[in-house]
Amino acid sequence: MKKPELIFIPAPGVGHVISALEFAARLLGHDPRVYITVLAIKAPFNSHLDAYTKSLVASQPRVTLIDLPHVDLPPPELLRSVEHYFTVYIESYIPHVQRVVGEIQRSRAGSGSDRSVAGFVLDFFCTSMMDVAAGFSLPSYIYLTSNAHFLGLMFHLPARHDQVGREVRLSDPDLPLPGFTNPVPVSVLPSAVLDGEAGGYAAYVKLARRFRDARGIMVNTFKELEPFAVSSFSRGSSDGPAVYAVGPVIDPKGVPDPSLDRAHWEKIREWLDEQPPSSVVFLCFGSMGRFDADQVKEIAAGIERSGHKFLWSLRPESCQEQLPDGFLERTRGRGVVCGWTPQVEVLGHAAIGGFVSHCGWNSILESLWHGVPIVTWPIYAEQQLNAFMMVKELGLAEELRLDYKGHGGCGHLVPAEEIERAVERLMGGGAAATRKKVKEMKEAARKAVKEGGSSYHSIGRLIQDFIKSIE
Ligand code: UDP
């Protein structure tokens with residue numbers, strides 16, 4: 001019998017590539033018959049990602065990496081909507097993917113090959129590649145680097161568009177999204193969904209429309225974390241895709257960054273080692289989270305007044321000049337301001353007791369994996385929806401903001417007093433119920449991926465489906 005080979009096409013962004021490759025590693029670890037070929041689209045904004053992708057697959061004998069050629073970037077005016085820009089860029093790769101998959105198919109058709117391509121595994125931004133798969137009579141699967149609640153939004157958007165025919169507006173009433181138990185305020189939807197003019201909304205609807213055409217959707221979550229959403233979708237339906245909760249998929253080594261100063265980090269770790277358990281609050285806002293000078297000052301004042309110990313990843317590092325006069329001297333010994341930090345390692349350190357986070361999905365999974373409760377401060381992408389889900393749907397995080405929008409959005413200044421109160425609640429015992437639930441979720445997460453766990457079981461079912469598709 002031939003062995004199943006999957007063609008992975010991750011979106012060329014750090015969180016997407018690393019998550020997809022870690023998921024690929026889980027499949028390989030689960031079943032020695034599985035082979036994976038990764039088609040790598042050149043990263044448009046991140047020059048070190050291509051090299052890192054190579055290093056990740058180098059240690060995997062059953063993974064082949066094919067670098068797709070460079071294509072011209074879309075015109076810069078499309079950058080008014082990053083989502084629109086990104087989908088146009090990825091669509092321009094269709095002819096290259098067609099050519100490369102044609103070559104793969106020809107080489108697998110020969111009698112010498114023991115493999116047979118079982119399908120494409122596409123990032124959410126790459127659903128336009130489904131037509132290429134269909135051209136080769138191959139099924140497509142989606143690997144969703146976000147969660148099952150977000151999948152509810154994706155299922156809802158095309159149906160809503162067919163009825164209403166326009167973008168979502170801030171004046172619209174709350175939305176009844178599948179997978180949610182509460183009506184969802186429009187203010188926590190991704191900015192792109194509210195953006196009819198720059199093309200973000202149209203890009204989202206186009207991507208979401210293809211979800212129904214997938215044979216399966218693998219979601220980076222686990223059943224115990226989102227029981228209602230996962231069970232609403234995993235029953236499947238005769239005309240819809242099968243949904244598999246396969247997570248948490250996190251890279252235990254963490255995301256590297258060339259700007260990390262190793263020597264400086266070693267000193268910070270020594271400082272952390274000296275702190276009592278759960279005594280330090282960690283502030284970090286993802287790979288693109290940044291604030292203007294006024295907001296940096298309010299954060300500094302808030303954490304200073306809270307009196308708690310802190311580790312604050314503030315980027316870009318030039319922002320450190322915006323700290324209030326004397327802040328670093330006054331907080332010496334009590335807190336550290338740094339640039340890029342190895343976040344997974346930080347969250348796993350016994351001294352860390354809380355996390356002020358932008359609620360990127362990888363950050364949320366990493367904090368749950370280590371049992372560290374979050375205070376929500378979403379900034380961009382689908383982070384507001386993640387924050388809403390964590391606070392209102394699941395009771396697994398403390399609210400600072402749910403609908404803050406940075407990067408030129410409606411992110412009104414969050415004053416120091418509110419930051420101080422949120423840090424105090426998180427670190428001073430006011431969030432005991434959340435902390436307890438988060439600790440329970442840590443155990444559930446670890447159990448889900450172990451042999452016999454819910455996500456382990458889902459991956460087994462998924463591999464059965466790959467094998468069925470080549471029989
Ligand atoms: N990260 C890190 N150090 C930092 C900032 C981010 O290691 O200083 C990692 C973090 O651990 C996570 C990823 O970068 O794995 C960010 O992904 P997430 O989905 O949370 O947010 P995004 O950056 O995509 O908005």
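Atoms within a ligand are numbered from 1 in the order they appear, just like the ligands themselves.
Nearest protein heavy-atom neighbour of atom 3 (N) of ligand 1: Thr341 O, 2.5 Å. Considering only non-hydrogen protein atoms, atom 24 (O) of ligand 1 sits nearest to Ser287 OG, 4.1 Å. Atom 13 (C) of ligand 1 has as its closest protein heavy atom Val255 CG2, 4.0 Å. In this structure, atom 15 (O) of ligand 1 lies nearest to the protein heavy atom Glu366 OE2, 2.6 Å.
Here Cys284 has side-chain heavy atoms under 4.0 Å from ligand 1, and that is the only part of it that gets that close. Here Trp340 has heavy atoms under 4.0 Å from ligand 1 in both its backbone and its side chain.
Ion pairing between a basic and an acidic side chain is recognised when a charged N comes within 4.0 Å of a carboxylate O; Lys436 and Glu440 show such pairing. Electrostatic pairing of Arg210 and Asp213 counts as a salt bridge here, judged by a charged N lying under 4.0 Å from a carboxylate O. A salt bridge is absent between Lys447 and Glu224; no separation between the charged side-chain nitrogens and carboxylate oxygens falls under 4.0 Å. With respect to the salt-bridge test (charged N to carboxylate O, under 4.0 angstrom), the residues Lys54 and Asp67 qualify.
Shown in contact with Gln383 at under 4.0 Å from a heavy atom are these atoms of ligand 1, numbered in order with element: 25 (O). The atoms of ligand 1 that sit less than 4.0 Å from any heavy atom of Ser313 are 8 (O). Near Arg315, the atoms of ligand 1 lying under 4.0 angstrom from a non-hydrogen atom of the residue are 4 (C), 5 (C), 8 (O). Within ligand 1, counting atoms from 1 as listed, the ones closer than 4.0 Å to a heavy atom of His358 are 20 (O), 21 (O), 22 (P), 25 (O). Within the listing of ligand 1, atoms 19 (O) sit less than 4.0 angstrom from a heavy atom of Trp361.
In the model, Gln275 has a side-chain atom that pairs as donor or acceptor with a side-chain atom of Lys309 under 3.5 Å.
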Practice item. Dump the intermediate steps for side-chain hydrogen bond (donor to acceptor under 3.5 Å, both in side chains) on Thr434 and Glu398, then the final yes or no. Key: CA-CA 7 Å; Thr434 306; Glu398 293 289 322; 2.5 Å; yes
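For CD of Glu197, the number of neighbouring non-hydrogen atoms (other residues, nucleotides, ligands) closer than 6.0 Å is 12 at most. Under a cut-off of 6.0 angstrom, the local environment of CD in Glu321 is sparse, with at most 12 non-hydrogen atoms contributed by other residues, nucleotides or ligands.
If you look at Phe285 and Trp312, their ring centroids are not closer than 6.0 Å.
Looking at Ser367, Ser363, Gly360, it is Ser363 that brings a heavy atom closest to atom 16 (C) of ligand 1. For atom 17 (O) of ligand 1, the candidate residues are Leu314, Asn362, Ile250; the nearest heavy-atom contact is made by Asn362.
Contact between Tyr380 and ligand 1 is present, with at least one heavy atom of the residue lying under 4.0 Å from the ligand.
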